[in-house]
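One-based numbering along the sequence shown.
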Amino acid sequence: MRRAMPYSLLPVPRLTAWAGPRAAVGRLGGDEFAMVLDLPPGRRWLRLEQLVRMLHTPVVLDDGRTVDVAASVGAAAPDVLGTRDLAALQRAAGAALYDGKHSGRAVLATAEQAAVPSINGRRAGRPGTAVWGRAA
């Protein structure tokens, strides 16, 4: 049986603190989270680097043990991709996340990642990804 993760270990409070009061932060499911916020182009990379550092900060448990944390970050920007469609931006961010997985860096989606037929980074055609004839 899998135990529920204590609230103090969930990344939502960390993500909300990083994103600020004008952002929308939520859990998509499992260990996948999404944020919608405005990152000005001139500060985008600095803020994404801050996010990666914050997400890699170890967590101290109630019993004093320290747990190392790893996270992958994919981002998509309307000015880079030429769209404000949230579904398209989410797919592109998911593809960017998987392209940069385990790199320790945030990846900002390009037009190439925006063209990948995926939702939440899962590629069409992989076992277990087909739902009603399309990528899940």
Side-chain angles (χ1 to χ4, degrees):
M1 182 168 84
R2 192 171 181 191
R3 288 184 11 189
M5 187 182 299
Y7 178 77
S8 61
L9 294 182
L10 290 175
V12 171
R14 286 184 178 195
L15 297 175
T16 301
W18 174 82
R22 299 182 114 162
V25 177
R27 182 177 181 183
L28 296 176
D31 60 356
E32 200 163 358
F33 299 83
M35 294 181 284
V36 177
L37 70 150
D38 181 28
L39 289 178
R43 293 182 35 88
R44 190 172 289 147
W45 283 110
L46 173 67
R47 295 284 287 138
L48 289 172
E49 288 170 2
Q50 289 171 341
L51 174 61
V52 169
R53 280 194 309 275
M54 186 238 357
L55 290 173
H56 285 92
T57 302
V59 174
V60 179
L61 302 176
D62 291 338
D63 64 7
R65 289 182 294 152
T66 300
V67 177
D68 289 329
V69 180
S72 299
V73 175
D79 62 313
V80 173
L81 299 180
T83 183
R84 295 188 64 78
D85 179 282
L86 286 177
L89 291 167
Q90 181 183 356
R91 281 192 304 274
L97 179 144
Y98 277 83
D99 282 352
K101 199 136 179 101
H102 309 296
S103 72
R105 298 176 322 143
V107 176
L108 184 61
T110 63
E112 182 180 320
Q113 281 127 349
V116 172
S118 68
I119 296 176
N120 297 334
R122 288 181 227 104
R123 306 294 196 265
R126 285 189 183 165
T129 62
V131 174
W132 299 300
R134 62 177 190 199

- prompt: For A109 and V80, which heavy atoms make the closest approach, and how far apart are they?
  reply: O-CG1, 3.5 Å
message: Show every salt bridge (charged side-chain N to carboxylate O under 4.0 Å, His left out) that has at least one partner inside residues 33-43, sequence neighbours left out.
response: none
- request: Could you list the residues that satisfy side-chain contact (heavy atoms from CB on, under 4.5 Å) with A93, not counting sequence neighbours?
  value: A76
message: Are V69 and L55 packed together at the side-chain level, in the sense that at least one heavy-atom pair is separated by less than 4.5 angstrom?
response: no
message: To the closest 0.5 Å, what do you measure between OG1 (T16) and CG (L37)?
response: 11.0 Å
- request: Could you grab the distance from atom CG of L108 to atom CH2 of W45, nearest 0.5 Å is fine?
  value: 5.0 Å
- line: For V52 and G104, the nearest pair of non-hydrogen atoms, with its separation, is CG1-O, 3.3 Å
- request: Return each pair, listed once, that meets side chain to side chain donor-acceptor pair (under 3.5 Å) where at least one residue sits in residues 65-79; pairs must be two or more places apart or across chains.
  value: R44-D79, D63-R65
message: With heavy-atom distances below 4.5 Å as the criterion, would you say the side chains of V107 and L48 are in contact?
response: no
query: So how far is it from L97 CG to E32 CD, rounded to the nearest 0.5 Å?
result: 7.0 Å
- request: Check side-chain contact (heavy atoms from CB on, under 4.5 Å) between T110 and all other residues, then give those that pass, not counting sequence neighbours.
  value: E112, Q113
- request: Mind jotting down which residue pairs meet the side chain to side chain donor-acceptor pair (under 3.5 Å) criterion with at least one end in residues 46-60? Sequence neighbours excluded, please.
  value: R47-Q50
- prompt: Where is the tightest heavy-atom contact between L89 and A77, given as atom of each residue plus distance?
  reply: CD2-C, 4.0 Å
- prompt: How would you list, by chain and number, every residue that makes a side-chain contact (heavy atoms from CB on, under 4.5 Å) with A87, sequence neighbours excluded?
  reply: D85, R91
- prompt: Is it true that a side-chain atom of R14 and a backbone atom of M54 form a donor plus acceptor pair closer than 3.5 Å?
  reply: yes
